[in-house]
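Here is the structure we will look at, set down as structure tokens.
Per chain, numbering begins at 1; letters A, B, ... match sequence-line order. Bear in mind the structure is a predicted one, so any value in this text is a computation, not a measurement.
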Number of protein chains: 2
Amino acid sequence: MNTHHTPFARKLGAFVALSDIELALLDQLHSRRRSFAARRDMVHEGQVERSAYIVASGWVCSYKLLPSGARQIVDFQIPGDFLGLRSVLFRTADHNIEPITRVQASEVQARDLLDAFNTAPRLAAAVLWAASRDEAMVVEHLVDLGRRDAKQRMAHFLLELGARLKLVGLGTNEGYACPLTQYLLADALGLSAVHVNRVLRDLREEGLVSFQQGKVIFENFAGLVALCDFDRTYLDHEGPLMR
Amino acid sequence: MNTHHTPFARKLGAFVALSDIELALLDQLHSRRRSFAARRDMVHEGQVERSAYIVASGWVCSYKLLPSGARQIVDFQIPGDFLGLRSVLFRTADHNIEPITRVQASEVQARDLLDAFNTAPRLAAAVLWAASRDEAMVVEHLVDLGRRDAKQRMAHFLLELGARLKLVGLGTNEGYACPLTQYLLADALGLSAVHVNRVLRDLREEGLVSFQQGKVIFENFAGLVALCDFDRTYLDHEGPLMR
DNA sequence: AGGCTGGGCTGACGCAGATCAGCATCATCT
DNA sequence: AGATGATGCTGATCTGCGTCAGCCCAGCCT
């Protein structure tokens with residue numbers, strides 16, 4: 001695997017055999033690099049937004065706030081992920097986006113993408129694939145919230161995150177570094193922070209996963225997969241347009 | 001409003017000013033009409049799928065099954081809605097699709113769509129808009145499951161459904177006909193059927209909505225909106241590509 | 001140093017909603 | 001007419017998770 005490419009190129013390249021020319025085109029999208037401080041909203045709901053981003057380093061979350069003050073995190077973005085692709089299409093952003101750590105991201109105008117597609121049409125299919133994968137993840141998240149209990153949710157979440165990170169070279173089947181706090185986990189999983197803490201302790205004491213000092217370590221990968229029926233096909237399925 | 005067009009054309013036409021030619025093109029997509037019996041899966045997870053559908057009449061639901069036997073309904077499709085657009089892109093369907101009533105739907109090959117787009121490029125933007133709206137609904141559903149209690153969920157759900165039905169001429173601010181059973185509601189809202197029943201009773205006794213004999217009737221629309229902070233902008237927002 | 005803040009952690013208690021069990025109604029089938 | 005199966009409805013009880021309240025530690029201010 002080519003490790004000197006950006007996480008974005010690496011992710012797409014893992015499922016679509018891309019030529020060197022195509023890979024180079026993808027890397028070129030990263031010319032307009034910007035940096036964002038942790039904890040300061042990049043985009044807030046209702047804001048008029050004209051460009052999307054590709055995350056180069058750091059972690060981001062997209063969330064919705066309810067008037068009650070409750071927050072629901074819809075998704076986390078890690079290096080290689082698109083950010084705000086939809087708010088380019090719609091006139092305004094429909095949710096908030098906040099960096100969790102310091103973030104480096106490349107601004108991508110709609111025009112840049114279209115130019116790249118014209119030069120290398122297969123890239124369009126690849127990007128479409130990435131967008132579909134993101135949607136499949138949201139659906140899986142919905143199933144989590146609707147029909148899995150706290151322990152299964154957590155297990156599923158940690159496994160999915162691991163699979164995504166592995167794809168961009170930031171994780172292995174042993175574990176990965178993870179900057180998320182228990183509060184962030186709570187807001188993503190629809191739980192209270194208190195309960196997140198308890199669930200993590202349970203999982204640790206059962207020898208399944210540990211999550212301490214910013215590191216997720218899989219102690220019993222198979223056991224964890226069994227606990228929540230994790231099926232990763234939705235993450236790395238290749239489509240008919242890819243061949 | 002033109003009522004002699006299909007629900008699909010009507011829905012798109014409500015937010016994108018479409019010419020008669022464009023409307024006619026949309027209606028032409030409905031040539032390959034098929035009929036499906038209630039309760040028999042149209043598509044099941046993992047099935048290889050090559051065509052999408054546009055619902056002409058009847059109700060459909062897309063859901064995921066867990067090995068535990070639990071079911072999570074991701075979304076309902078009503079007349080005018082696309083069905084399985086994503087499973088055309090991916091090689092296989094990633095969830096099951098089941099008609100709730102008898103359903104008439106038009107089969108749409110990827111080729112038909114592309115042809116229509118070539119003739120009338122504005123249609124592509126309109127269809128993209130519809131797809132984005134569907135995704136926004138899934139996100140809103142996710143917030144429901146993660147951060148709203150049972151009563152708010154139900155209120156939000158009934159209001160959203162009402163707004164969607166109104167768009168295709170199947171509902172008003174007074175109410176609408178709805179073939180969903182309490183079991184279906186439960187599987188969509190992440191509740192038990194027993195609790196759905198109680199919540200419906202509560203809402204009825206508080207004079208907010210009633211849902212009986214297949215009819216949803218809004219007794220106090222404003223009160224219901226206030227209860228769950230319903231904000232319908234995500235349903236009928238027009239995008240920058242529409243002008 | 002001392003205070004402040006953010007994060008992890010824990011016990012006691014309460015409640016929303018699940019589960020269990022059962023009844024009533026209606027449509028369809030035999 | 002009786003049997004069967006959906007669907008709606010209800011009370012009693014149980015439980016997963018939230019809420020409240022508080023402690024501890026580490027890092028960062030002043």
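For D81(A), the salt bridge (charged side-chain N to carboxylate O under 4.0 Å, His left out) partners are K11(A), R133(A), R164(A), not counting sequence neighbours. For D41(A), the side chain to side chain donor-acceptor pair (under 3.5 Å) partners at least two apart in sequence or on another chain are Y63(A). Evaluation of the side chain to side chain donor-acceptor pair (under 3.5 Å) rule for E160(B) yields Y234(B) as partners, not counting sequence neighbours. By the side-chain contact (heavy atoms from CB on, under 4.5 Å) test, S68(A) pairs with L66(A), A70(A), sequence neighbours left out. The side chain to side chain donor-acceptor pair (under 3.5 Å) check on Y176(B) picks up nothing, with sequence neighbours excluded.
Using a 4.0 Å cut-off between charged side-chain N and carboxylate O, R33(A) and E107(A) make no salt bridge. The existence of a salt bridge linking R147(A) and D187(B) is confirmed by a sub-4.0 Å separation between a basic side-chain nitrogen and an acidic carboxylate oxygen.
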Every protein N/O lying under 3.5 Å from an N/O of nucleotides 14-21 of chain C:
unit_1: dG17(C); atom_1: OP1; unit_2: A150(B); atom_2: N; d: 2.9
unit_1: dA18(C); atom_1: OP1; unit_2: G190(B); atom_2: O; d: 3.4
unit_1: dA18(C); atom_1: OP1; unit_2: S192(B); atom_2: N; d: 3.2
unit_1: dA18(C); atom_1: OP2; unit_2: S192(B); atom_2: N; d: 3.1
unit_1: dA18(C); atom_1: OP2; unit_2: S192(B); atom_2: OG; d: 2.9
unit_1: dT19(C); atom_1: O4; unit_2: R198(B); atom_2: NH2; d: 2.9

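In this structure, R40(B) places its CZ atom where only 12 or fewer heavy-atom neighbours from other residues, nucleotides or ligands lie under 6.0 Å away. Atom CZ of R39(A) has 12 or fewer neighbouring heavy atoms from other residues, nucleotides or ligands inside a 6.0 Å radius.
Under 4.0 angstrom from either OP1 or OP2 of dC9(C) there lies at least one side-chain N or O belonging to N197(A).
Nucleotides of DNA chain D that come within less than 4.0 Å of any heavy atom of chain B span, from the 5' end to the 3' end, dA6(D) to dA12(D).
Near DNA chain D, meaning a heavy atom under 4.0 Å away, there are no residues from residues 60-68 of chain A.
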Query raised in the report: Taking protein heavy atoms under 4.0 Å as touching, what does nucleotides 23-30 of chain C look like 5' to 3' if B marks base contact, S marks sugar-phosphate-only contact and - marks none?
Result: --------

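The nearest pair of heavy atoms linking L180(A) to L185(A) is CD1-CD2, 4.1 Å.
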Using atom types as modelled, flag every donor-acceptor pair under 3.5 Å from a side chain in residues 189-216 of chain A to any protein atom, sequence neighbours excluded.
unit_1: S192(A); atom_1: OG; unit_2: H195(A); atom_2: N; d: 3.2
unit_1: N197(A); atom_1: ND2; unit_2: Q182(A); atom_2: OE1; d: 3.1
unit_1: E206(A); atom_1: OE2; unit_2: K151(A); atom_2: NZ; d: 2.7

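A donor atom on one side chain and an acceptor atom on the other are not found under 3.5 Å apart for Q104(B) and S57(B). Side chains of S106(A) and R34(A): a donor-acceptor N/O pair is absent below 3.5 angstrom, by distance only.
In this structure, the CD atom of Q182(A) is 5 Å from the P atom of dG8(C), given to the nearest Å.
Rounded to 10 degrees, the angle separating the terminal axes of the helix from dA1(C)-dT30(D) to dT30(C)-dA1(D) is 30°, with each axis obtained from five end pairs.
Sorted by first and then second residue, the pairs that involve residues 139-162 of chain A and meet ring-ring contact (aromatic ring centres under 6.0 Å, His included), not counting sequence neighbours, are F76(A)-F157(A), H156(A)-F230(A).
Note that CG of D75(A) and OG of S62(A) are 5.5 Å apart. Values are rounded to the nearest 0.5 Å.
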